[in-house]
Amino acid sequence: MREKTQALGSCAKYTFMRWLFSSVHRCVCSSQGEGRYYESVFGWSASKWSYIPFHTDPDLLDYDGSGHDGFVLSAGRTFRDYRTLLQAFQSIDAPLRIVASPSNIELRDKPAHVTIDYDLPGPDLMKLMARAFAVAVPLEPRKISTGQSVILQAMALGKPVIATRVNGTEDYIEHMRTGILVPPCDPRAIEEAVRLLLSDEPLRQRLGRAARERIKEAHLPVHYVHDVAKALGVAV
């Protein structure tokens, strides 16, 4: 999905989707803000959609995420704000590793302590994430939500997450309890969050433990299946 714009093609696309989705009984959204956006652009009633938290791989809970190799990891493709992240790391000495695609990151002014890997396979990304001391998920301020997959993977591994406060993160991270939320397009806020985690090991461990417990409580496939069934009024 892409947000509606004033462009003719976008308006035509959303007109078609509005007609197409009129036959849909219920839409499952992984962000409350995104569901409200669909109400606005498609003319839905509030009963047309349900917010159901996304899930992650339970096998990640088997990883020992307590150790780390001292670097911050950032990963993902859709609506990532790597420009702001790189600005933040201009003045941070900690190593940063980014896993992205060539199309969604600019290499200008890349600090020497930043490493970029392109299109890393999923299992390799998880091994890399398990070695990070924190995971940063910088996102553009959009009405369409994104970023949940990487955030939940990091939480399952017991990693403290620094994420932009946008649709798709506010429903998943409780600020300073299961992660750290920073304002959009604010490199200084990212810098301060990274420095805080670098200097406060008890906080880093506490955030990681709370994040992992949150995954166990609400973000496994069994929770997702139960919640979808409940939204549809069927038994499982």
Side-chain angles (χ1 to χ4, degrees), residues 1 28-35 51-61 63 65 68 71-82 84-85 88 96-101 104-105 120 122-186 189-190 193-194 196-197 203-221 223-224 227:
M1 294 287 290
V28 170
C29 299
S30 57
S31 158
Q32 297 186 72
E34 185 170 2
Y51 162 63
I52 297 179
F54 202 52
H55 58 88
T56 194
D57 185 353
D59 289 344
L60 296 178
L61 296 171
Y63 278 78
H68 64 82
F71 63 87
V72 177
L73 176 71
S74 188
R77 302 173 183 173
T78 308
F79 299 145
R80 293 309 196 265
D81 186 10
Y82 288 127
T84 297
L85 181 65
L96 170 66
R97 298 195 63 169
I98 298 175
V99 179
S101 292
N104 72 335
I105 187 168
L120 203 64
D124 293 341
L125 174 59
M126 292 305 98
K127 292 178 183 177
L128 188 64
M129 191 179 293
R131 291 166 43 210
F133 94 85
V135 174
V137 186
L139 298 166
E140 299 174 0
R142 301 276 184 163
K143 296 181 176 66
I144 303 296
S145 67
T146 186
Q148 296 99 328
S149 292
V150 172
I151 287 170
L152 294 176
Q153 288 164 350
M155 292 174 67
L157 290 169
K159 301 299 177 179
V161 178
I162 301 169
T164 310
R165 187 187 288 274
V166 293
N167 283 347
T169 61
E170 292 180 312
D171 294 316
Y172 293 83
I173 295 177
E174 185 178 345
H175 182 55
M176 297 306 294
R177 185 179 180 277
T178 59
I180 299 177
L181 293 173
V182 297
C185 310
D186 191 338
I190 295 176
V194 172
L196 176 62
L197 293 178
L203 173 64
R204 189 168 68 242
Q205 294 179 348
R206 186 164 64 250
L207 291 176
R209 286 194 300 268
R212 186 169 250 193
E213 287 304 310
R214 184 59 183 164
I215 294 297
K216 294 177 182 178
E217 295 169 357
H219 297 295
L220 297 177
H223 302 129
Y224 192 78
D227 291 343

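The shown structure was predicted, so the numbers you read here are calculated from the model rather than taken from an experiment.
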* **Nearest heavy atoms of Tyr172 and Ser30, plus distance in Å** => OH-O, 2.6 Å

* With a 4.5 Å heavy-atom cut-off, do Met176 and Leu203 have their side chains touching? -> yes

* To do: Apply side-chain contact (heavy atoms from CB on, under 4.5 Å) to Arg80 and Thr146, showing your working.
  => CA-CA 9 Å; Arg80 293 309 196 265; Thr146 186; 3.7 Å; yes

* Roughly how far apart are Gln153 CD and Met129 CE, rounded to 0.5 Å? -> 5.0 Å

* Taking the side chain from Arg212 and the backbone from Ala210, do they hold a donor-acceptor pair closer than 3.5 Å? -> no

* Asked: Given side chains that start at C-beta, do those of Leu60 and Ile215 come closer than 4.5 Å, heavy atoms only?
  -> no

* Taking all non-hydrogen atoms of both residues into account, name the closest pair between Leu207 and Pro160 and its distance. => CB-CB, 4.1 Å

* **Heavy-atom check, side chain of Val161 versus side chain of Val150, under 4.5 Å** => no

* Asked: Would you say Ile173 and Arg214 make side-chain contact, with heavy atoms under 4.5 Å?
  -> no

* Asked: Under the ring pair (Phe, Tyr, Trp, His ring centres under 6.0 Å) rule, what pairs show up with a residue in residues 137-161, not counting sequence neighbours?
  -> none

* Minimum heavy-atom distance His55-Pro221, with the two atoms named -> CB-N, 3.9 Å

* Asked: What closest approach, in Å, do Ala156 and Leu61 show between heavy atoms, and which atom pair accounts for it?
  -> O-CD2, 3.6 Å

* Structure fact -> Output for pair (Glu217 CD, Thr178 OG1), nearest 0.5 Å, gives 10.0 Å

* Between CG on residue Leu120 and CG on residue Leu128, distance to nearest 0.5 Å -> 6.5 Å

* Structure fact -> Looking only at heavy atoms, the pair that brings Gly168 and Ser31 closest together is N-OG, 3.5 Å

* Grab the two heavy atoms, one from Tyr82 and one from Ile98, that are nearest each other, plus how far apart they are. => CE2-CG2, 3.6 Å

* Asked: Within the distance-only criterion (no hydrogens, no angle test), does the side chain of Asp171 pair as donor or acceptor with the backbone N or O of Gln32 below 3.5 angstrom?
  -> yes

* Asked: Is there a side-chain contact between Ile162 and Leu197, using heavy atoms and a 4.5 Å cut-off?
  -> yes

* Using the side-chain contact (heavy atoms from CB on, under 4.5 Å) rule, take Arg97 and Val72 through it: C-alpha gap first, then chi angles, then the decisive distance, then the call. => CA-CA 6 Å; Arg97 298 195 63 169; Val72 177; over 6 Å; no

* To do: Sequence neighbours left out, what passes side-chain contact (heavy atoms from CB on, under 4.5 Å) with His223? Give chain and number order.
  => Leu220

Let me check something: any side-chain donor-acceptor pairs from residues 132-145 under 3.5 Å, sequence neighbours excluded? List them with distances.
unit_1: Glu140; atom_1: OE1; unit_2: Arg142; atom_2: NE; d: 3.0
unit_1: Glu140; atom_1: OE1; unit_2: Arg142; atom_2: NH2; d: 2.7
unit_1: Ser145; atom_1: OG; unit_2: Glu34; atom_2: OE1; d: 2.4
unit_1: Ser145; atom_1: OG; unit_2: Gln148; atom_2: NE2; d: 3.1

* Heavy-atom check, side chain of Phe54 versus side chain of Ile151, under 4.5 Å -> no

* Heavy-atom side-chain contact between His175 and Ile180 under 4.5 Å -> yes

* Asked: Are Asp81 and Thr164 side-chain neighbours, meaning at least one heavy-atom pair lies under 4.5 Å?
  -> no

* To do: First locate atom CD of Glu170, then atom CG of Leu181, and finally report the distance between them rounded to the nearest 0.5 Å.
  => 7.0 Å

